[in-house]
Amino acid sequence: MAAIDVTAAQRDGCSLACLGYRVDAPVGYGLRRMMVDESEHPKGFLEKGQFKALQSDRVRLQHGSAEEAAVIRAISSSTAGNLTATSGVN
């Protein structure tokens, strides 16, 4: 019986992720977790270590601050430049 419950939980987790909701795991740099109610209305951002209180609430990812976006763009630009310079493609 326990195996059936675990399988159902995994299936539910997959369906939530497929709908665009955040399921477990820490978020990456440049992203923030926003809690929304069942009608998709924002309820606020969750900081590191905070959890949603209601089972009906969901968590979606949102872009982080402009400063974080600038850092990500700078890293991407420098990495792309290094790949092109060392690839030997003319």
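In this text the structure is predicted, and so the values were computed from the model without any measurement.
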**Report entry** Pair E40 + R60, salt bridge at N-O below 4.0 Å
**Finding:** yes
Query raised in the report: Do the side chain of S77 and the main chain of A74 share a donor and acceptor less than 3.5 angstrom apart?
Result: no
Report task. Could you walk me through whether L61 and R32 pass side chain to side chain contact (heavy atoms under 4.5 Å, CB included), step by step? Result -> CA-CA 6 Å; L61 293 182; R32 296 174 17 184; over 6 Å; no
Report task. State which residues pass side-chain contact (heavy atoms from CB on, under 4.5 Å) with Y29; sequence neighbours excluded, sorted by chain then number. Result -> E68, V71, I72
Query raised in the report: What are the two closest non-hydrogen atoms of Q50 and F45, and how far apart are they?
Result: OE1-O, 3.9 Å
Report summary line: Value for CD (Q62) from CZ (R33), rounded to nearest 0.5 Å, stands at 13.0 Å
Report summary line: Between M34 and P42, the two heavy atoms sitting closest are SD-CB, 3.6 Å
Requested in this report: Kindly say whether D57 contributes a backbone atom to a donor-acceptor pair with the side chain of K52 at under 3.5 angstrom?
Outcome: yes
